[in-house]
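For reference, the structure I am asking about is given below.
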Amino acid sequence: MFFLYANNTHAQTDQNTRPSSESIKYIGVGDEIFLELSGEQSLTRNFEVSRDGTILLPEIGPVKIIGLSEQKLQEFISQKLSSAFRNLTNLKVGINKQQRLIKISGYVNDPGEILLPSGADIQKAFAMAGNLRIGAQLDQIQLRSQDKTIIFNYKKYLDTGDRSILPTLNSLDEIFVPASPKTGNIEVAFDPSTHSNSGDAADSLKAIKIFGEVISPGSFTFNDGATLVDYLMRAGGVTRYASVEQIRVISNGAPQLFNLKAYLDTGDSSTLPTITPNTTIFIPIQEEEIKSGANMVYIMGEVFKPGAYEGKPGATFLDILANAGGPTRYAESRQIRLIRADGSVIPFDLSAFTEATGEQGMPVVLPGDAIFVPEKTDMNSKSWLKVAPSRAVRVIGEVVRPGRIEWSNEMSLLDLLAHAGGPTSRADTTRIEVVIPQKGMPPKKLAFNLDTFIEQGLGDDKLPQILAGSTVRIHDLPQDPSDNKSQWVRQSSNDSIYIFGQVGAPGRYRFTQAMHFLDILAAADGPTDKADISGIRISHRNKSKPTVSSLNLHLYFETGDEHLLPDVKPGDTIYVPAQKRLWLHTPKEATIRVLGAVNKPGRYRFDDTMTILDLLAEAGGTSTEAYLKKITVVNLSCCKDQAKVFNLKKFYRTADFNKLPVLRAGDTIFVPSRREGILYRSRESMRDIIQVISLIALIGAL
């Protein structure tokens, strides 16, 4: 019977005993209930159902809700809270999380009570308890539920994965994990490998004793029908030092020898000794002896087990090397030597062979041959003579560890630089020089740009093909250009650019294809305050014939147009002129002449943004004698020998900028004087006539 009222203290919590409808949820021990009431912080939180089936409500106290359905829970909680709270209209109550309160004791790492999520099994419970301890007896785990104890085999579940073996968990259940009898009566650190390695015999009078050169010697339980091979397998098998041809067996007090190798070669089971209770088996160690003969093969040097081995038909080079334990970590596997019985020597590169990068096949080993595996060259060795010149590459210059480095054809220039520690911070990686020897011919010299190789992501086929005996030199970058007078000869003219004139640090600078005009100008500390940045000149020397281009840097700063910047290359020359210089340095095609009645007549630089007003203002303005109605503009740039008259006085009255004359570089502006006007001349003539008449009248009066 399942009770729905809150005062029932024996309400069942197992979901299997509840109604079959999946839409109905019932409150059980360990479940988490949520309450939400606007304006009441004490009620807006989660409540956990305790072991006695109650929750602790603020202002009310403990309320037993176990066994209630989720639908009845809202009404029940509202009824209980109505005695302390008036407005419960917005109260929300429900099941936030269904959990099971389980107690785990025994041989687990963290025994105690846990809250198990709904639907979780015993394996999840073990995980929440810190997992089982080493030494737990997995086939006798107990589940205590409602005064009943169920014993189940957890080991069988781990072997088969059959979930039907695991019992169902309910709230208030207890899981007990017993300890294995092998742990003993005293609590000590349990090592399962120690127990298994020492055998599994319980009766020492019938136990099979195995010792000597086996992996796990010990006493083992006698099994009727088991052979000596079976017992050797239970002992982990023989070691690599076992003398399998001289195994001693004492059965029924009678000793006998057993040749395991002969049995494995023939498969004759009649040669197996009879195993009876209390049999003793001893596997001796191989005895050391000097081996020699016509069929012997010798292996020496950096192998794990050098010595003499008996050759067999079909045995290969790798078979012999594997029997010797293979090369050690100090072995130079690229320089293995096969020494024939007649004294000839055959080199063999094992690394290239295993990586399928070499063309040499595996050498054939004959009786009487010797294999020598040399020691790897010590990088810190003081004697550089250990590496022959025919196997070394010289790396000099700005690398971390310059020197002679042993070379292999599988390596590339990048491998070589990496082995040398890489370029230093002062290395010029845009021009790495490589000198490659050629048989019967002069050495070949190459220049390699490492920066371009990395930036463009090129393949290894674009790297220089280096051979043993080559030399690689990495130059250093030039020092401070203002103080490198003693080192300027080390910098090639083909890699330099020249900058003169009004800059902070004129001189000769290192320049690459990745730089542009502003880079070299910034390297020279930029133009000075006396520089004329509108008339910069660039001499291009790297073309088929010398050319000169000009740059108005002032216009570039105003517009930001990158097309105005010239394309400079190594070998070019940049000249930044001064603002105050001889007027002859400025060509007439780039100036306008201002003559006549102005305060500062002369030649002035002109661009298309200027007007006649700008030029008159730059010339100090017109003088007091200027005749403003007849200013003459002579256009020589577009229309030869054409003159226009501009009335500046009329322009002052109208301010019509459309009436301003069009000017071009090379034109001439003439401001006439009033003395040259007809009216002024007539007035001067009349004054002269009056003066003459007055003089005649004065003379007549006398």
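What you see is a predicted model, and the numbers here were worked out from it, not measured in a lab.
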F34, CZ atom: more than 12 neighbouring heavy atoms under 6.0 Å: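 Atom CZ in F34 is packed in, count exceeds 12.
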Side chain proximity check, V373 to L350, heavy atoms < 4.5 angstrom: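 They are not in side-chain contact.
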D159 with K155: basic N within carboxylate O range, under 4.0 Å: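 Yes.
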Side-chain heavy atoms of K261 within contact of V244, under 4.5 Å: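 K261 reaches V244 side chain to side chain.
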Heavy-atom check, side chain of E406 versus side chain of R334, under 4.5 Å: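 They are not in side-chain contact.
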Sub-6.0 Å ring centroid separation between F220 and Y231: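 Between Y231 and F220, which both carry aromatic rings, the centre distance is not below 6.0 Å.
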Flag if over 12 foreign heavy atoms under 6.0 Å of CE, M233: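 Atom CE in M233 is not packed in, count stays at 12 or less.
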F152 and Y157, any side-chain heavy atoms less than 4.5 Å apart: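 When only atoms from C-beta onward are counted, F152 and Y157 do not touch, as no gap falls below 4.5 Å.
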Smallest separation among heavy atoms of D268 and S270, with atom names: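 Closest approach of D268 to S270: OD1-OG, 2.6 Å.
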Flag side-chain contact, heavy atom, 4.5 Å: Q140 against Q142: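 Answer no - side chains too far apart.
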For P117, side-chain contact (heavy atoms from CB on, under 4.5 Å) partners two or more places apart: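 Once residues adjacent in sequence are excluded, the partners of P117 under the side-chain contact (heavy atoms from CB on, under 4.5 Å) criterion are A120, M128.
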Distance-only polar pair, side chains of S251 and Q256, donor-acceptor under 3.5 Å: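 No, because no side-chain N or O of S251 sits under 3.5 Å from a partner of the opposite role on Q256.
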Side chain proximity check, L257 to R248, heavy atoms < 4.5 angstrom: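 Yes, close enough: below the 4.5 Å cut-off.
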Test item: L138 and K156 side chains (from C-beta on) under 4.5 Å apart, heavy atoms: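 L138 vs K156: side chains apart.
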Donor + acceptor pair across side chains of T276, N252 (<3.5 Å):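 Yes, a side-chain donor-acceptor pair sits under 3.5 Å.
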Flag side-chain contact, heavy atom, 4.5 Å: T221 against R234: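 Counting from C-beta outward, T221 and R234 do come under 4.5 Å.
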Parallel, tilted or perpendicular: ring planes of F211 versus F282, cut at 30 and 60 degrees: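 Answer is tilted, since the angle falls between 30° and 60°.
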Aromatic plane relationship, F348 with F317 - under 30° parallel, 30 to 60° tilted, over 60° perpendicular: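 Plane angle over 60°, so perpendicular.
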